[in-house]
Amino acid sequence: MNFKLAFKVLMYAGFFSAFTFAQSQTLSFDNAKFKFGDDPSWKSLEFDDSSWQTKSVVSSWDNQGIGKEKTYAWYRIHFVLPESMRNSSGKSSILKIEMGQIDDVDATYINGKLIGSMGNFPDSKKGYGSNWSAKRIYNIPLNDAALKWGKDNVLAIKVYNSDGDGGMSKSPVIINVPKNIDGLKITMQDNGDEDIIINVKNIFNINLNGELSLNLTNGDNGEPIYSASKKISLKNNSSSSIVVPNKDYSFKILNYTFVEKKNGDKIDGVFIPKYILTPKASASPKLNNPSVFGVRPNSPIIYRIPCTGERPIKLSVKDLPQGVNFDSQNGVLNGKLSKKGEYKLTLVAENSKGKDEKQFIIKVGDVISLTPAMGWNSWNCWGLSVSQDKVMASAQGLIESGLADYGFYYINIDDAWEASKRNEDGTISTNDKFPDMKALGDWLHQRGLKFGIYSSPGDLTCGGYLGSIDHEQQDAQVYNSWGIDYLKYDWCGYSRAHNKEIDKNTVASYVRPYLKMEKFLRDQPRDIHYSLCQYGMAEVWKWGHCVDANSWRTTGDINDSWNSLYSIGFESQLKTSKYAAPGHWNDQDMLVVGNVGWGPSLHPSRLTADEQYTHLTLWTLQASVLLIGCPLDDIDEFTLSLLQNSEVIAVDQDELGVAATQDVADGDIRIWKRPLKDGSYAVGIFNVGNKHLNVDFSKYFKQLGIGEVKNARDLWRQQDVSTANMNYFIPSHGVRYLKIKY
Ligand code: GLA
């Protein structure tokens, strides 16, 4: 499966920015001698590769039209090492070899000597393991006997491609003698505790000594909060850390500088620890439901009314149509309506602090999911280690953390619930981790939550579990019997069937498996949100609505890195936004906030606070499905504040259902604008660069078609803001999110 495409452009740009130290003493290669196959003699200096072809190391096999899966190949680069390179002053005592990505595994040699390897080849004792996304940086001491100064040397790279793009890509091969300090990596670990940890790591095989200074200031007024400096001595490949106290979630800036002792070389930068913008919800009731809800005639209605405020809250419903009951205990609407039409209800919430009333229209018709689905999915946290207990813990967490009060209500099991074999009658059943799906469905429905599941149109899912091929009708019937409300249908193993089709290059061949399942889903006497997952192939956004999909993934899988977020959230959505509409949404993939891990062990999302604000801002502007990807029984305050901003969520759920378009791209500034039902606009002003910026929003009015801004509100801060001065400080990778009327 080719999930790797999405990262291409950005990684390429990112790699070049790392070369700022490159000087004339740098060797750079775009091409190499190349041959498919594998032979140990190909690593040696003496081997004669003159009959080999020349291929690019910057461009993948697929891009060069030579793509092969499950294949070994070698690249060989000849170079003369100039004597002058090792004599330059201020330099380290190592030769550094920097390459781009290698899909999937490599072992890299200089003159026959192994200098580095990433991933595991299929014959490895540990078993095959891809490391396609990592950039390769290897080094070798300048005095290593393997190096031939003033003479011909050979860098030989053995690679193995399992699937995807294949081979070396994204960057030329760069060989140089860097400065000591170029091996230093300074990172911030911010787990939302009372401390932040600054990690300092030396990735080179040399000793590095110096002093690290830290300065924490108030981000709004620059007042000093804390400062420290520490002498640091790092042996090869070792690290050290410093703890910085960070008591609250206010906006702060941490400046750091490291000065190397030997040469006085310096690196500095800025970190912004996690900060909370969303104000605490008010004690008086606030109804957070979208204004519309779609249901098909006679399908069960299950709707938990989302409402914040101090408990106890008395919820009631005016103008309840016949056929619908209100469970005031759990705040859930239940029932069925047989006649098509619009049913206008008024929801009422009261407590000792006040009262709120809001209209809620049940639209009985052919279209469901009139606003993007909101809920939880197990994949980004638990991966294949998901179990019924973990699902129930997050469902309980959804309610107890208050997230259900903001409108999150789907609880979706992703891959790895399936039994290894079908029952004798061909029906699907669960593995031991899911003892009773029907009971789980009932348990969720009693709480007003909805139940989602995962399968593939192919023989196997991405995780190697059973798919639905040739059993589509049976599976849809089983889902109905379990009370399933959402199906994520993931292409994956279907590629085997697809490859055999004579029309495999046509859009029809991509539509076919989804059309098939659509029919059986729609035959069921309940509404099942139909979620396509096929990574955007054949421009699914153009035809997803034809198979009555309620949402479709637009790209390959997301991960918790800026590259992934940028590529999925900005680049890939330039072409999709105009296809979003009520009932049929783009799905930018599950949120990478809180603790993620795609398996049994989790780690806090590696996205910075600003990147996470950008994440939620983009997804809501683009009317994306919002599925939380972290466990909800143990969710930190920062992540909750991101997900519990009713004004931000209201943009996602806006009834008009028109997604934002990128209307400005100016240097590192991007502006996305979305029209809303009430005549106003949601606007995200993003800084996608590496430097913090002051942005004068008014400079872009003309380009955005704005004459005069009549009023403006900061959505994250939930505050009205001045229209006279619209100059904003926007941190690197961060955003200012406004709602404006003009
Ligand atoms: C694919 C999908 C993911 C997840 C996994 C499960 O990679 O894109 O979202 O469902 O399969 O195996």
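Because the structure is a prediction, the values reported are computed rather than measured. Note that ligands are numbered from 1 as they come in the structure, with each ligand's atoms numbered from 1 the same way.
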Heavy-atom contacts under 4.0 Å between Ala416 and ligand 1: side chain, backbone, both, or neither?
neither
According to the salt bridge (Lys or Arg N to Asp or Glu O under 4.0 Å) rule, which pairs have a member within residues 439-448, sequence neighbours left out?
Lys438-Asp442
Sub-4.0 Å heavy-atom approach of Tyr465 to ligand 1:
no
Which of the atoms of ligand 1 are close to Met590, meaning less than 4.0 Å from one of its heavy atoms?
9 (O)
Under 4.0 Å from a heavy atom of Cys462: give me the atoms of ligand 1 that qualify, with their elements.
1 (C), 7 (O), 11 (O), 12 (O)
Heavy-atom contact check, 4.0 Å cutoff: does Asp557 meet ligand 1?
yes
Ligand 1 to Tyr535, heavy atom cutoff 4.0 Å, flagged ligand atoms 8 (O)
Heavy-atom pairs closer than 4.0 Å: do any link ligand 1 to the side chain of Asp490, the backbone, both, or neither?
side chain
Does ligand 1 have any atom that is closer than 4.0 Å to a heavy atom of Cys533?
yes
Does Asp415, backbone or side chain, put an N or O under 3.5 Å from an N or O of ligand 1?
yes
If you take all heavy atoms of Lys488 and Asp414, which pair is closest and at what distance?
NZ-OD2, 2.7 Å
I'd like a table of donor-acceptor pairs (distance under 3.5 Å, sequence neighbours excluded) in which one partner is a side-chain atom from residues 622-634, with atom names and distances.
{"unit_1": "Gln622", "atom_1": "OE1", "unit_2": "Gln588", "atom_2": "NE2", "d": "3.0"}
{"unit_1": "Gln622", "atom_1": "NE2", "unit_2": "Gly569", "atom_2": "O", "d": "2.8"}
{"unit_1": "Ser624", "atom_1": "OG", "unit_2": "Gln588", "atom_2": "N", "d": "3.0"}

Using atom types as modelled and distance alone, determine if a side-chain donor or acceptor of Asn431 lies under 3.5 Å from a backbone N or O of Ala416.
yes
Is the positively charged end of Lys158 above the ring of Phe121, judged by distance under 6.0 angstrom from the centroid and angle within 45° of the axis?
yes
Think Lys68 forms a cation-pi with Phe36, using NZ or CZ under 6.0 Å from the six-ring centre and within 45 degrees of its axis?
yes
Counting both backbone and side chain atoms, is some N or O of Lys488 under 3.5 Å from an N or O of ligand 1?
yes
Give the numbers and elements of all ligand 1 atoms closer than 4.0 Å to a heavy atom of Arg553.
8 (O), 9 (O)
Would you say that Trp541 contacts Asn586 through its side chain, given a criterion of any heavy-atom pair below 4.5 Å between the two side chains?
yes
Would you check if the side chain of Arg136 reaches a backbone N or O of Ala134 as a donor-acceptor pair within less than 3.5 Å?
yes
